[in-house]
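Predicted model only: the values in this text are computed from it and were never measured. Positions are given from 1, in the same order as the sequence printed here. Note that these values count all heavy atoms, side chains included, but never hydrogens, waters or copies made by symmetry.
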Amino acid sequence: DFPAARRALLEAVRLSPRHGKAHFFLGNVLLLENLPEAAIPRFKSALETFSDPNIPYDLGLAYRIAGDFVSARRWIMQALRLKPDFPEALVSLGDLSRVQGNLYEAQAWFEKALEISPGDLSAARELGLVYLSAGRLEQARPLLQRVVEAFPDDAEVGRAAALIESRRG
């Protein structure tokens, strides 16, 4: 029940305005409610009181959802500086690169995420789709097949995998 969680966390912040974790959790609830503009100041308040790579990462996600890709990249890079082996941050940077039209950079971020976390299905999915868009079907195929097996309802990946199989003929 997100509204109840939001109310409880707002009360916690009211009672203890410098409680960084309350701001952090409130920011996450606001993101789950698709309110990135409201989440951003909560994450910034959390940054003032404690250090955790998830805070700048989640702040970057809030900016990404709000459409501010420059700020999103800056904060996600900050998270990566705090935790260099952070596959979610690498995948998010790859996503930002892809959305901004830089497929080579996106590919590098996704490959790095898979180096760190070979079982990361999000990185496999995104890298497979980048390979597919570049015409690298044989590299895309095993990645997308892993995702289809784990998430058979992922329609985009299912179509991509079927396209690859039809071209293999």
| task | For Ser133 and Val130, indicate whether the former's side chain and the latter's backbone hold a donor-acceptor pair under 3.5 Å. | result | yes

| request: Measure across Asn34 and Ile65 and return the closest heavy-atom pair with its distance rounded to 0.1 Å. | output: OD1-CG2, 3.7 Å

| task | Using the side-chain contact (heavy atoms from CB on, under 4.5 Å) rule, take Arg42 and Leu10 through it: C-alpha gap first, then chi angles, then the decisive distance, then the call. | result | CA-CA 10 Å; Arg42 298 307 178 169; Leu10 282 167; 3.5 Å; yes

| task | Compare all side-chain heavy atoms of Arg64 with those of Leu59 and state whether any distance is below 4.5 angstrom. | result | no

| said: Going by the rule side-chain contact (heavy atoms from CB on, under 4.5 Å), which residues pair with Pro3 if we only count those two or more places apart in sequence or in a different chain? | reply: Asp1, Arg6, Arg7, Glu33

| query | If you look only at pairs with a residue in residues 141-153, which of them pass as a side-chain hydrogen bond (donor to acceptor under 3.5 Å, both in side chains), with sequence neighbours excluded? | reply | Arg141-Glu165

| task | Side-chain contact test, heavy atoms from C-beta onward, threshold under 4.5 Å: evaluate it for Leu129 versus Arg125 and give yes or no. | result | yes

| said: Hydrophobic clustering (ILVMFWY, side-chain heavy atoms < 4.5 Å, transitive) - are Leu103 and Leu144 grouped together? | reply: no

| query | Are Asp95 and Val99 side-chain neighbours, meaning at least one heavy-atom pair lies under 4.5 Å? | reply | yes

| task | Quick one: list whatever passes side-chain contact (heavy atoms from CB on, under 4.5 Å) with Pro53, sequence neighbours left out. | result | Leu82, Lys83, Phe86

| Residue pair Arg74 / Val70, side-chain heavy-atom distance below 4.5 Å | no

| message | Using side-chain heavy atoms (C-beta onward) and a distance below 4.5 Å, is Leu80 in contact with Leu93? | response | yes

| message | As a test of understanding, state which of Lys112, Arg98, Arg136 forms a side chain to side chain donor-acceptor pair (under 3.5 Å) with Gln107. | response | Arg136

| Looking only at heavy atoms, what is the nearest atom pair of Ala22 and Val13, with distance? | CB-CG2, 3.8 Å

| query | Just by distance, do the side chain of Ser92 and the backbone of Glu88 share a donor-acceptor pair under 3.5 Å? | reply | yes

| said: I'd like to check Leu30 versus Phe2 (side-chain heavy atoms, cut-off strictly below 4.5 Å). Are they in contact? | reply: no

| message | According to side-chain contact (heavy atoms from CB on, under 4.5 Å), who are the partners of Ala155, at least two apart in sequence or on a separate chain? | response | Arg159

| query | Are the side chain of Ser166 and the backbone N or O of Leu163 linked by a donor-acceptor pair below 3.5 Å? | reply | yes

| task | Go through Ile55 and Phe50 one step at a time and tell me if the side-chain contact (heavy atoms from CB on, under 4.5 Å) criterion holds. | result | CA-CA 9 Å; Ile55 300 169; Phe50 77 105; 3.5 Å; yes

| Which residue pairs satisfy the ring pair (Phe, Tyr, Trp, His ring centres under 6.0 Å) criterion with at least one member in residues 107-152, sequence neighbours excluded? | none

| said: What I'd like to find out is whether the side chain of Phe24 reaches to under 4.5 Å of the side chain of Phe43, using heavy atoms alone. | reply: yes

| task | Would you check if His23 and Leu47 make a side-chain contact, meaning some heavy-atom pair closer than 4.5 Å? | result | no

| query | How would you list, by chain and number, every residue that makes a ring pair (Phe, Tyr, Trp, His ring centres under 6.0 Å) with Phe25, sequence neighbours excluded? | reply | none

